[in-house]
Structure formats: structure tokens, C-alpha cells
Amino acid sequence: MSHSDQNKTHGKDKFISALNWIMDHSKIVMPLVLVFCVLLTIIVAVNANHKKALEKEEQQAAMALASGEGEASGEEGDKVPAPALEKNAYPELNQLICSYYDAQASGDMETITSLNTYLNEIETIRVQELSKYIDSYSVMDVYTKPGMEENTYVAYVCSEVKFTDADQALPGMQTYYIGLNDAGEYFINDGTYDDVIWNYIKEATLQDDVVDLNNKITVEYNERLTQDEELNEFIAYLKEKINKDVGEILAAAEVPEETEAETVAESEEETPAESGQTQNVIRTVRATDVVNIRKSDSEEADKIDKAQVGQEFTLVEERGNGWSEVEYNGSSAYIKSDYLEVVSEETVDAVVADNGQQSEDTQPEPSTASSGSGNGDKVKVKESVKIRKSASTDAEALGTAYEGDELELVMKQADGWTKVKYNGQTAFVKSDYVE
């Protein structure tokens, strides 16, 4: 027998011997074999799933990169970080907010203007008037996300306001952008920044944890008003009262003190209406918070959409009932004035046609021609409204007509204004407020 044949025979004998041993010890060996097979199957499956997960992550990353997603971003590629909201993480910010809110409650305008670098005339008057009805602010939690630069923050202040004429406090949330000045002191930068920062704030405010916080405060606010009818009625009254008072203060400020010589000189000058020219001021406003856009000026009106922080609209009219009419998707819509601020004004010259209709270069279509009256007809005021020198919300206010007052009608114009006689002179009121 050759050497190779001997090796084959020897190997065969060893295999048979091993097989006999396995059969003799099958109770021990077979479970071990089964366990090994199961482990091998698990390892293969895990590796396959891990490979698929990696491939899926790579595909998602590629898609996000292609679509510009992955991180919220403002204009010009500024990335908006998305860390979790921090609650009361910076004592110096809490101190700033407490000082600011205490000043609002007491009407301390010197402190308010020192802490807030941007407060327009309307908001200044509104704060002063509102302070007359506020007892105190409490339960102030300051939630923050990092701002665009070091030592800047997007702050969401949750507070409860106690009014002097109400038993219960009312919760609310306000958004601020806080920065550090050259003296190393924090201040509220409430509007003097550009569109890039506005977009940054908007993106941060749309992150899930901020939306959840806002929804929580909104639910608490609505529940408080639902449970307390007196508080609900007081808030409705207060909003109307503040808007009326602010309007009257602004109207009074629009009438300058004139000397007799100046009055005579003005009477000899040709007015824009007499010369065939008038000026319209087109105002652009933007939302300072997430707010509903509605079909009419009522909280019961149908919702059209939601305005986002920084979203801009052309202002048609700021009404005395706390609502603003704006242009939205080619038609009129309404937003609460408290959530809007003016960002730009543009003066446009318009030609006044013989019938009082304002136009630029074209005559009005027959279907939009204005109607007139020369028979001593009158119109009745449905709601308090400013009487103005010309057909523009920016024209000089000659006075205020109140609900039930009657005015001598000259003509109803197609531009939304009604020409009337007031104290012996021609004046204008918005047609929506008279009948």
C-alpha cells in the first residue's frame, strides 16, 4: 500500500471515530451545534441590516445635500442651529427681562427705552396707555436659543400679567432678540436688525420645541379666558380702549400749532387736490410673531393662513378695533395689529380725477365710477372713525366721528373713501365706517 493510500485510510478511520463519538454524546453536541447555527444566522442578519441602514443614511444625506435641507437656514446660507430650548439658563437675561417688564407695568418709559433699542411712536404710546391697567407681571421664564453671533440669543419670555381690574392673571409669550452692547450690558434688540436676522428668528421659532411651547401657552391663555367670563370681557374691552386711546393721541399729535400768518399763507397755497395731485403713502408691515390671517376683522372669522415671524404685507388700513387690513394673495385679509409693525413707507403721487377718484395714469372704468350727491344727503357713522383732510390714512386728521354721528354727504368714491362736509370744509372718511 502506497503512502498516500495509507494517509487516506488513516483519515477515514479518524472521521468514523469522530462521528461515533458525536453519536455517543449527541445530547451535549447537538444543542451546541444548534446554538452555533442560531448565532451565525443572527450575525449575518445584523450585518445585513447594518449595511442597509448605512446605505439608507447615505441616500438621505445625499438627498438633503441636494435639496439644501439638513439644517434650518436663513438667507445667504446662514445656518440656524437647532439645540433644545434652555430654560432660565442665563441669570443676566432673566434680570434684563424682569427689569423690562417691571418698567412696562409701571409705565417707566426711561427704563424701557434704555433697555429696548427699538420702540416706535405707536408702541411707545401703547405701552404708556397699557401700563395704566397693569398691576404686575409674574412667573417669568426665559427660554433661549443661540443667536447668530456670540452673546446673542433668541428669547421666548413666558409670563403672567395681572390687571388692576381683573382677579386672575393671564399667561402670554413674547419673542425677543437679545444682544450685548459695547458696555458689556445685555439689551433688547427689538427690530433694528436686517432681514437675515429676521429669517434666523423665524426659522428658530418654527422649530418643534418652540412651537410646542407656544401651543402650550396659547392653550393656557384660551382656557383662562373660557373659565373666567369677566376676564374675557375685560380683555375685549381693554383692547378696544387702548386702540381708541392710542388713535386719539396720534390724531392730536398730527395737528400742529400754527400761527395766524402760517394759516393765512396755507390758505393762499394751492392744495394737492386743487392742483390735481395727491400723495398716497404705501406702508409695508411685518409680523412680529406667528399669528392667524383671517377673512374679516374678528377672532370668530374664518382662518385663511398663518403669518410667520418676519413675513411682510402691504398695509391697507390699520383699524380702530385692533385689526389691520392687509393685502394677501391678491385680496384683502386681516391680522391683529398687535402682531404687526411698520417696516417701510413709500410716498406715491396720484392724480385726482374730477370726480375725486384717485388714479395714476388711467381713468376709472365705468363700473368703478364714484357716486355723488348734491341734495344734502347724510351718512351715518357705524363705528368711530377719523375724519381726514384728504383720502388717505396718512392725511391730517381733522377730528373723530363717533358711532351714530351724521355727516353731510358730498360723494361716495370708488377708492373706499367718502367725501363729506365737516365744519364747513371738505373732508374724507373711510366708507366702511359710514352708511
Side-chain angles (χ1 to χ4, degrees), residues 120 122-123 126 172-175 191 195 198-199 201-203 205-206 211 214-215 217-218 221-222 225 235-236 238-240 242-244 246-247 250 280-348 350 357-360 364-365 367-368 382-386 388 391-395 412-418 428-435:
N120 61 34
I122 294 176
E123 286 306 311
R126 189 180 297 277
M173 188 178 91
Q174 184 65 43
T175 304
D195 290 339
W198 263 115
N199 287 327
I201 296 172
K202 173 183 173 182
E203 295 294 342
T205 303
L206 290 175
V211 172
N214 183 65
N215 290 341
I217 299 299
T218 300
Y221 176 91
N222 292 330
L225 292 182
I235 293 300
L238 183 59
K239 289 178 180 179
E240 183 176 347
I242 294 298
N243 287 323
K244 179 181 177 182
V246 171
L250 289 172
N280 287 336
V281 177
I282 300 175
R283 288 184 175 178
T284 300
V285 294
R286 67 183 169 198
T288 59
D289 208 336
V290 178
V291 60
N292 288 321
I293 304 173
R294 297 185 182 271
K295 275 191 173 182
S296 63
D297 53 348
S298 168
E299 292 183 356
E300 305 300 324
D302 293 339
K303 296 178 185 178
I304 299 175
D305 202 347
K306 277 188 178 292
Q308 304 300 327
V309 176
Q311 186 173 351
E312 296 187 353
F313 306 88
T314 298
L315 178 66
V316 178
E317 178 192 6
E318 184 176 358
R319 298 193 168 188
N321 61 356
W323 289 84
S324 288
E325 181 182 353
V326 299
E327 293 181 5
Y328 182 72
N329 288 344
S331 61
S332 291
Y334 296 84
I335 299 174
K336 291 299 294 274
S337 300
D338 289 344
Y339 297 94
L340 298 174
E341 67 175 6
V342 177
V343 293
S344 66
E345 294 184 353
E346 180 183 0
T347 302
V348 179
Q357 170 74 23
Q358 291 186 12
S359 62
E360 292 185 356
E365 296 294 333
S367 60
T368 61
K382 298 187 295 184
E383 186 179 338
S384 296
V385 61
K386 288 286 180 291
R388 299 193 179 272
S392 169
T393 54
D394 295 294
K412 286 188 176 181
Q413 300 179 175
D415 60 354
W417 289 87
T418 295
F428 297 83
V429 295
K430 290 290 289 184
S431 298
D432 290 342
Y433 294 85
V434 296
E435 59 185 3

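When reading the values below, keep in mind they use all heavy atoms of this one structure, side chains included, and skip hydrogens, waters and symmetry mates. Bear in mind the structure is a predicted one, so any value in this text is a computation, not a measurement.
Side-chain contact between W323 and E318: absent, with no pair of heavy atoms (C-beta onward) separated by less than 4.5 Å. Contact annotation: the side chain of F313 never approaches that of E327 to less than 4.5 Å [non-hydrogen atoms, C-beta and beyond]. Looking only at side-chain heavy atoms (C-beta outward), Q308 and L206 come within less than 4.5 Å of each other. Under the 4.5 Å side-chain criterion, counting only non-hydrogen atoms from C-beta, L315 is not in contact with T284. A heavy-atom distance below 4.5 Å is found between the side chains of L225 and I235. Side-chain contact between V290 and Y339: absent, with no pair of heavy atoms (C-beta onward) separated by less than 4.5 Å. In this structure, the side chains of K382 and Y433 stay at 4.5 Å or more apart for every pair of heavy atoms. Looking at Y334 and I293, their side chains never come closer than 4.5 Å, going by heavy atoms from C-beta outward.
Among T314, V316, I335, the one residue that satisfies the side-chain contact (heavy atoms from CB on, under 4.5 Å) test with V326 is I335.
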Validation: residues 299-306 side-chain donor-acceptor distances under 3.5 Å, sequence neighbours left out:
from : atom 1 : to   : atom 2 : distance (Å)
E299 : OE2    : K336 : NZ     : 3.4
D305 : OD2    : Y328 : OH     : 2.5
K306 : NZ     : N292 : OD1    : 2.9

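In this structure, T288 OG1 and W198 CH2 are separated by 6.0 Å, a value rounded to the nearest 0.5 Å. The line from OG of S298 to CZ of R294 is 7.5 Å long, rounded to the nearest 0.5 Å. The distance from atom CG of N214 to atom CG of D289, rounded to the nearest 0.5 Å, is 6.0 Å. Going from atom CD of Q311 over to atom CZ of R286 covers 12.5 Å, rounded to the nearest 0.5 Å. Between atom OG of residue S384 and atom NZ of residue K244 there is a gap of 5.5 Å, rounded to the nearest 0.5 Å. Once rounded to the nearest 0.5 Å, the distance linking CD1 of I242 with CG of L238 reads 5.0 Å.
For T218, there are no side chain to side chain donor-acceptor pair (under 3.5 Å) partners, not counting sequence neighbours. With sequence neighbours left out, the side chain to side chain donor-acceptor pair (under 3.5 Å) criterion links D338 to R126.
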Next item on the list: Please report the C-alpha distance between S332 and E325 in whole Å, then the side-chain angles of each, then the deciding distance to 0.1 Å, and finally whether the side chain to side chain donor-acceptor pair (under 3.5 Å) criterion is met.
Entry: CA-CA 6 Å; S332 291; E325 181 182 353; 2.8 Å; yes
Next item on the list: Go through the steps for E312 and V343 under the test side-chain contact (heavy atoms from CB on, under 4.5 Å), then give the verdict.
Entry: CA-CA 9 Å; E312 296 187 353; V343 293; 4.0 Å; yes
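Nearest heavy atoms, M173 versus I217: N-CG2, 3.9 Å.
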